[in-house]
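Read through the structure below, which is laid out as C-alpha cells, and then see the notes.
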2 protein chains.
Amino acid sequence: MANGRSPTMKDVAKTAGVAVSTVSHVVNRSRFVSEEATERVEQAIRQLGFRANRVAQNLRSGRSNLIGFVVSNLYNYFYVRIARGIESVIGKYGYHLTLIDSQERTDLEQENIESLIDRGVDGLILVPTCTTCDHIGKLLSADDRPIVFVDREAIGFQADSVLLSNEEGAYRATKHLIEKGHVDIGFVAFHFGHDEIDMTMQERIEGYRKAHQEAGLPIRKNYIEITAGGSVLVNELRHAESYRMMERLLTTPVSAVLCGNSPASIGVFMCLKDRKVKIPEEIAMITFDDDLWLTMATPSISAVAQPAELLGAAAAERLMQRIQGKPQPYGCIRLKADLIIRDSS
Amino acid sequence: MANGRSPTMKDVAKTAGVAVSTVSHVVNRSRFVSEEATERVEQAIRQLGFRANRVAQNLRSGRSNLIGFVVSNLYNYFYVRIARGIESVIGKYGYHLTLIDSQERTDLEQENIESLIDRGVDGLILVPTCTTCDHIGKLLSADDRPIVFVDREAIGFQADSVLLSNEEGAYRATKHLIEKGHVDIGFVAFHFGHDEIDMTMQERIEGYRKAHQEAGLPIRKNYIEITAGGSVLVNELRHAESYRMMERLLTTPVSAVLCGNSPASIGVFMCLKDRKVKIPEEIAMITFDDDLWLTMATPSISAVAQPAELLGAAAAERLMQRIQGKPQPYGCIRLKADLIIRDSS
DNA sequence: CTGAAAGCGCTAACAA
DNA sequence: TTGTTAGCGCTTTCAG
C-alpha cells in the first residue's frame with residue numbers, strides 16, 4: 001500500500017460509489033446486487049487490492065471459519081497424517097485449519113485449547129494428552145463449540161469421537177500369529193493412563209485376549225509387559241523402558257511379540273537386534289502403528305496400520321455436520337486398521 | 001454460562017462497579033489501577049469466568065500475538081522439529097504459533113499465507129515450496145509484516161533467513177569419506193528448482209566439490225545424479241526415482257555415495273538392499289537429514305544431521321526482534337550441521 | 001487515579 | 001435494488 005494501511009470496505013465503497021453494505025454483500029454474495037454495481041465493486045476491489053479483514057468479520061459475525069486441531073504430540077507422524085485428513089475435508093467446506101502441538105504436556109494442551117477458543121475457532125478436534133483427567137472437561141463445559149476427539153477420547157462429556165477399532169486390530173494381529181503356530185505370544189506397550197491402563201490399551205489387550213480364548217490358548221500374566229508413563233516419558237526413556245520389557249520377555253518361552261504402540265516397538269526391535277535374536281525365526285513381531293522405519297528395517301516389520309487420514313477425515317466430517325447444525329446424537333465412530341504382514345511374522 | 005453468551009468486559013465492569021477502561025487496564029496491566037479497584041475487578045473476573053476476547057483485542061489493537069508458520073510439507077519430520085523450535089522461543093515472548101501445511105503445493109501455500117495475513121498474524125515464518133517462483137513475493141510486498149525464511153529461502157525480496165551451512169555439511173561428509181579411503185564418491189539428490197538446481201542443492205554440491213578439490217580428486221559428472229521435481233513428485237515416486245539413480249551409479253566404479261536429501265537416501269538404501277550390495281564394504285553411505293529409520297536400519301546410516309530445533313529457534317528469535325521494532329539489516333544466519341557417523345561409512 | 005467515548009472493519013437489521 | 005446505521009468487544013485518547 002502506498003498509503004501504508006490496507007484498504008477497507010469503506011475505501012472500496014468510496015471508489016465504487018456505493019455503500020459499504022453493498023460491498024459487503026458483493027464480497028459475501030449475501031444478497032442480490034445489480035450486475036452493474038457488482039461490476040463496479042469488483043473493479044474497485046481489484047484496483048485497491050482489497051481483502052476482507054477476517055478479524056473484523058469474525059468479531060462481527062461470531063464465526064471464524066477456523067477449525068483448531070490440538071495434537072498431543074506432533075512428533076508422531078500418525079497425527080500429522082490425521083491433520084492432513086482433517087484439512088482435506090474442512091477445506092471443501094471453506095474452513096481453515098490451525099494446528100497446535102501440546103508436546104504431550106497437559107498444561108500446554110490446556111493453554112492451546114484456551115487460546116483457540118479465545119481466538120474464536122468454530123470447532124475443535126482434539127487428541128487429548130490424557131484421557132482420564134478432567135482439565136479439558138472444565139474448559140469445554142463452559143463453551144458450546146462442537147468438539148470431536150480423534151484417536152484418543154477424553155471421557156465424561158458430550159462430544160463425538162473417532163477411534164480405531166483397537167480390539168479388532170489386536171485380535172487380527174494375534175490371530176495371525178496364532179495361525180503361524182505361535183502359542184507363546186508376548187504383549188509389550190506403554191499406556192497413557194495415570195493409575196489404570198488407558199482405554200486404548202485395554203481394548204488392544206482385550207483383542208489379544210479374545211484371540212487367545214478363541215484358540216483355546218491360556219493368557220499368561222508374565223507375557224504381558226505394560227509400563228505407565230507413555231505421555232510423561234521422553235522418547236529415549238520410552239525406548240529404554242521397552243528395551244527392558246523385551247529383555248524380561250526373553251526370559252520366558254515367548255516366540256512372538258505384539259507391540260501395543262510404536263515407542264514400544266522401537267525398544268523391542270533394538271533389544272532383539274542387540275541380542276542377535278533372529279526375527280522372525282526366534283521371535284516373530286508385529287506392532288501397532290505403521291511407520292517408515294518398519295519397512296526400512298531388516299527384516300521389515302509387520303504392522304497394524306491405522307488409517308490416519310481417514311480418521312482425520314471422519315472426525316472433520318462429523319465436526320462439519322455439527323457446525324452446520326445438523327442435529328444428531330453424540331457418538332463414537334470406529335475405523336478398522338489394516339494388518340500389513342511383512343517379513344517379521 | 002447460564003446466560004449462553006460469554007461475559008465481556010462490560011459485564012465485569014458492571015459487577016465490579018468500575019469503568020470498562022479500568023477493567024481493560026487491569027487485564028493488560030497497561031496503567032496503574034488502585035489496589036482496591038484491581039481487587040474488585042479480579043474478583044469479578046473470577047466470579048464471571050471472564051476471558052478477554054482475542055478477536056476484539058486484535059481488531060482494536062492491530063496486534064494478534066500470533067505467529068504463522070507455513071510449512072512446505074509437514075510429513076517431513078524435520079519441519080515439525082523446526083516448529084517446536086519456533087514455539088519454544090515465541091512462547092517466551094507471549095506469542096502463539098499457528099502451523100499450516102502446504103503439502104508441497106504452491107497454490108495451497110499462497111492460500112495459507114493469505115489466510116494468515118487476513119487473520120492478522122504479527123509475523124510469518126516460511127519454508128517456501130519453491131525458491132524461484134515469485135508468487136510469495138507478490139503477496140508479501142503488499143504487506144509490511146516481518147517474514148523470516150527457514151531452511152529454504154525464496155529469493156528476491158526483503159526478509160531474514162535462517163539456513164543450514166549446506167556447503168560445510170557436504171564438505172565434511174565428503175571429506176570423511178575421502179579420509180576413509182574413497183576416491184569414487186557418488187552424489188544422489190532431488191532438487192526443488194524448476195529449471196536450475198535450487199540453491200540448497202547447489203551449495204551441497206559445492207561442498208562435495210571442494211572436498212574433492214582439496215584432496216586433489218577429480219569430479220566426475222557421471223558420479224552426480226540429480227533429478228528435478230523434489231517438490232512435485234509424491235513420496236513413492238521420489239523413492240522410485242532415487243532407486244533408479246542409484247542403479248545407474250552402480251554401473252560406475254563408485255564405492256561411496258552421499259545422498260543430498262532424505263527422499264534420495266530412501267531409494268538408495270532400498271536399491272542397495274535389493275541388490276544385496278554390502279554397506280559399507282561395497283558401498284559406503286552418508287545422507288543429509290537425520291531420521292529415525294537411519295538408526296533402525298542394518299547397518300545404521302551416517303547422517304549430516306540438521307539442528308532443526310535450533311534453526312526454528314533462530315528464525316523465531318530473529319522474527320521477535322523485528323516485531324519488537326529493533327532495527328537491524330536483513331540478513332541470513334547459517335547454522336552448522338552435525339556429522340553423525342554410524343555403521344554405513 | 002478513573003471514566004467517557006470514539007472507533008478498529010465488518011455484518012445485518014431496518015428503512016427507503 | 002440499495003443505503004444508513006447500530007453495534008461485535010475491545011483499546012486508548014482525552015478529560016477530569
Side-chain angles (χ1 to χ4, degrees), chain A residues 1 3-42 44-45 48-66 115 117-122 143, chain B residues 1 3-42 44-45 48-66 94 117-122 143:
Chain A
M1 285 295 85
N3 191 325
R5 76 185 223 313
S6 343
T8 71
M9 279 194 180
K10 215 167 150 185
D11 301 320
V12 175
K14 197 175 295 173
T15 50
V18 298
V20 268
S21 60
T22 300
V23 178
S24 170
H25 286 122
V26 168
V27 168
N28 301 303
R29 301 177 184 340
S30 41
R31 84 178 177 194
F32 187 87
V33 178
S34 69
E35 184 106 346
E36 195 224 16
T38 305
E39 180 49 47
R40 288 224 309 286
V41 169
E42 281 173 346
I45 287 176
L48 299 177
F50 168 81
R51 313 206 80 235
N53 180 326
R54 288 271 188 180
V55 178
Q57 288 185 314
N58 186 351
L59 176 61
R60 180 57 234 235
S61 70
R63 284 174 307 99
S64 62
N65 279 256
L66 218 100
S115 156
I117 290 179
D118 293 348
R119 296 208 140 82
V121 293
D122 293 336
D143 197 276
Chain B
M1 287 294 86
N3 191 326
R5 78 186 222 309
S6 342
T8 72
M9 279 195 179
K10 215 166 149 188
D11 300 321
V12 175
K14 196 174 293 171
T15 52
V18 298
V20 265
S21 58
T22 299
V23 177
S24 171
H25 286 122
V26 168
V27 168
N28 302 303
R29 302 177 184 339
S30 41
R31 85 176 177 195
F32 189 88
V33 178
S34 69
E35 185 102 348
E36 195 226 15
T38 305
E39 180 47 47
R40 288 224 308 287
V41 169
E42 281 173 345
I45 286 176
L48 300 176
F50 168 80
R51 313 205 80 235
N53 180 327
R54 287 272 188 182
V55 179
Q57 288 185 313
N58 186 351
L59 176 61
R60 180 58 235 238
S61 68
R63 285 173 307 98
S64 62
N65 278 256
L66 225 114
I117 290 180
D118 293 348
R119 296 206 141 83
V121 292
D122 291 337
D143 198 276

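Every chain is numbered from 1, with letters handed out A, B, ... down the list of sequences. Everything quoted here is computed from the prediction, not taken from an experiment.
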Between B/Gln57 and B/Asn28, which heavy-atom pair has the shortest distance, and what is it? NE2-OD1, 3.8 Å
CD of B/Gln57 versus P of D/dT12: gap in Å, rounded? 10 Å
Identify the heavy atoms of B/Asn53 and A/Asp118 that sit nearest to each other, and give their distance. OD1-O, 4.1 Å
Between B/Ser30 and A/Ala56, name the one whose nearest nucleotide on DNA chain D is closer to the 5' end. A/Ala56
Give the rounded distance in Å between these two atoms: CZ of B/Arg119 and P of C/dC8. 22 Å
Which residue, B/Arg60 or A/Ser24, contacts DNA chain C at a nucleotide closer to its 5' end, judged by nearest heavy atom? B/Arg60
Nearest of C/dT11, D/dT11, D/dC10 to any side-chain atom of A/Ser61? C/dT11
Report the distance from atom CG of B/Leu48 to atom P of D/dG9, rounded to the nearest whole Å. 14 Å
A/Ser21, nearest nucleotide to its side chain (from D/dT11, D/dG9, D/dT4): D/dT4
Under a 4.5 Å cut-off applied to non-hydrogen side-chain atoms, are A/Arg40 and A/Glu36 in contact? yes
When rounded to whole Å, the CG to C1' distance for the pair A/Asn28 and C/dC10 reads 9 Å
If you assign each of A/Met9 and B/Glu36 to its closest nucleotide in DNA chain C, which residue comes earlier from the 5' end? B/Glu36
Side-chain contact check for B/Thr22: nearest option of D/dG3, C/dT2, C/dG9 is C/dT2
Which heavy atom of B/Leu59 sits nearest a heavy atom of A/Val55, and at what distance? N-CG1, 3.6 Å
Name the closest nucleotide to the A/Phe32 side chain, picking from D/dT1, C/dC1, C/dG3. D/dT1
Nearest whole Å is fine: how far is D/dG9 P from B/His25 NE2? 20 Å
Of the listed D/dG9, C/dG9, C/dC14, the closest approach to the A/Arg31 side chain comes from C/dC14
Nearest whole angstrom, please: distance from the C1' of C/dC1 to the CZ of B/Arg29. 18 Å
Between A/Ser64 and A/Asn58 (side chain of the first, backbone of the second, donor and acceptor by atom type, cut-off under 3.5 Å), is there such a pair? no
It should be established whether B/Asn53 places a side-chain nitrogen or oxygen under 4.0 Å from OP1 or OP2 of nucleotide D/dC8. no
Rounded interatomic separation in angstrom, taking CZ from B/Arg63 and C1' from D/dT11: 10 Å
Given atom CG of B/Asp118 and atom P of C/dG9, what is their separation to the nearest angstrom? 14 Å
Which listed nucleotide (C/dG9, C/dT11, C/dA5) is nearest to the side chain of B/Val20? C/dA5
Considering only heavy side-chain atoms of A/Ala52, the closest of C/dC10, C/dC8, C/dT11 is C/dC10
What is the nucleic acid contact for B/Val55, judged by heavy atoms within less than 4.0 Å: base, sugar-phosphate only, or nothing? nothing
